[in-house]
Amino acid sequence: QVQLVESGGGLVQAGTSLTLSCTASGRPYSTYAMGWFRQAPGKEREFVAAMTDITHYADSVKGRFTISRLHAKNTVFLQMRRLKPEDTAVYYCAAKRGGTTEFESQYEYWGQGTQVTVSS
């Protein structure tokens with residue numbers, strides 16, 4: 001089975017940048033679409049971005065976040081720019097067979113999450 005591990009979270013100031021990474025092990029990485037979700041305390045987990053050969057972003061992060069993929073390293077990245085306190089959440093990497101989707105229920109594999117805290 002596929003295992004996903006996120007890294008790169010931390011405490012940053014508003015307006016700065018941070019890049020998250022997710023590495024995959026198991027079956028060939030290239031057969032999966034990769035997505036990023038986040039969950040703030042007391043809130044539902046929400047879609048952030050996803051990628052196969054094309055990208056899709058939530059409206060809340062469009063223009064600030066960039067998802068990218070390095071197939072040779074079995075790694076997907078989430079580059080976050082102009083961070084806001086509202087971006088504070090645990091960020092999760094997820095994978096599914098086939099194309100991208102924003103629907104959480106369609107993703108088969110999940111990482112453990114990495115905390116991103118944006119201070120004012």
Side-chain angles (χ1 to χ4, degrees):
Q1 63 179 6
V2 174
Q3 292 185 316
L4 305 176
V5 180
E6 305 95 335
S7 63
L11 174 63
V12 298
Q13 292 184 318
T16 63
S17 300
L18 191 67
T19 298
L20 306 181
S21 300
C22 173
T23 58
S25 63
R27 65 185 302 163
Y29 191 85
S30 62
T31 63
Y32 289 86
M34 304 297 301
W36 287 95
F37 293 77
R38 66 186 183 185
Q39 186 171 27
K43 296 183 178 181
E44 299 290 333
R45 186 155 55 188
E46 64 176 352
F47 171 77
V48 176
M51 180 178 187
T52 51
D53 292 325
I54 59 173
T55 59
H56 179 62
Y57 298 92
D59 289 340
S60 60
V61 305
K62 193 175 299 181
R64 297 190 299 120
F65 290 12
T66 302
I67 186 172
S68 60
R69 191 169 180 174
L70 188 58
H71 290 86
K73 300 292 185 180
N74 293 332
T75 302
V76 65
F77 303 92
L78 184 68
Q79 185 177 22
M80 305 180 290
R81 299 183 180 90
R82 301 189 301 278
L83 283 161
K84 306 174 181 179
E86 306 92 89
D87 295 318
T88 295
V90 176
Y91 283 71
Y92 296 90
C93 176
K96 65 178 292 294
R97 299 175 66 182
T100 60
T101 179
E102 66 183 72
F103 300 111
E104 177 182 338
S105 63
Q106 297 187 21
Y107 285 83
E108 303 171 78
Y109 305 103
W110 294 83
Q112 83 289 347
T114 185
Q115 177 71 48
V116 174
T117 302
V118 184
S119 65
S120 300

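What you see is a predicted model; the values in this text were computed from it and never measured. No hydrogens, no waters, no symmetry mates; every other heavy atom, side chains included, goes into these values.
- Taking the charged nitrogens against the carboxylate oxygens, Lys84 and Asp87 have no contact shorter than 4.0 Å, which rules out a salt bridge.
- From Met80, atom CE reaches atom CZ of Arg38 across 9.0 Å, with rounding to the nearest 0.5 Å.
- A donor-acceptor contact shorter than 3.5 Å links the side chain of Thr88 to the backbone of Val118.
- A donor-acceptor contact shorter than 3.5 Å is absent between the side chain of Tyr107 and the backbone of Trp36.
- Lys96 NZ to Thr52 OG1: the interatomic distance, rounded to the nearest 0.5 Å, is 8.5 Å.
- Pairing each heavy atom of Ala24 with each of Val2, the nearest pair is CB-CG1, 4.5 Å.
- Ring geometry, His56 versus Phe47: the interplanar angle falls under 30°, so the pair is classed parallel (tilted spans 30 to 60°).
- Across Cys93 and Leu4, no two heavy atoms sit closer than the pair O-CD1, 3.7 Å.
- Across all their heavy atoms, Ala33 and Gly98 have their closest contact at CB-O, 3.1 Å.
- One N or O on the side chain of Glu108 and one on the backbone of Arg97 form a donor-acceptor pair closer than 3.5 Å.
- Closest non-hydrogen pair, Ile54 versus Thr100, comes out as O-CG2, 4.2 Å.
- Pairing each heavy atom of Thr75 with each of Ser21, the nearest pair is CG2-CB, 4.4 Å.
- With values rounded to the nearest 0.5 angstrom, Leu20 atom CG is found 10.5 Å from Phe77 atom CZ.
- Linking Ile, Leu, Val, Met, Phe, Trp and Tyr residues whenever their side-chain heavy atoms come within less than 4.5 Å leaves Phe37 and Tyr57 in two separate clusters.
- Atoms CD and OG1, on Glu6 and Thr23 in that order, are 8.5 Å from each other to the nearest 0.5 Å.
- The backbone N or O of Thr19 lies less than 3.5 Å from no partner atom in the side chain of Gln79, so there is not a single donor-acceptor pair.
- Minimum heavy-atom separation, Ala49 to Leu78: CB-CD1, 4.3 Å.
- One N or O on the side chain of Arg82 and one on the backbone of Gly63 form a donor-acceptor pair closer than 3.5 Å.
- The aromatic rings of Trp110 and Tyr92 stand perpendicular to each other, their planes meeting at an angle above 60°, with 30° marking the opposite boundary.
- Met51 has its side chain out of reach of Val76: every pair of non-hydrogen atoms, C-beta onward, lies at least 4.5 Å apart.
- Tracing side-chain contacts under 4.5 Å through hydrophobic residues (I, L, V, M, F, W, Y), one reaches Val12 starting from Val48; they form part of the same cluster.
- Gln112 places no side-chain N or O within 3.5 Å of a backbone atom of Val5 that could act as its donor or acceptor partner.
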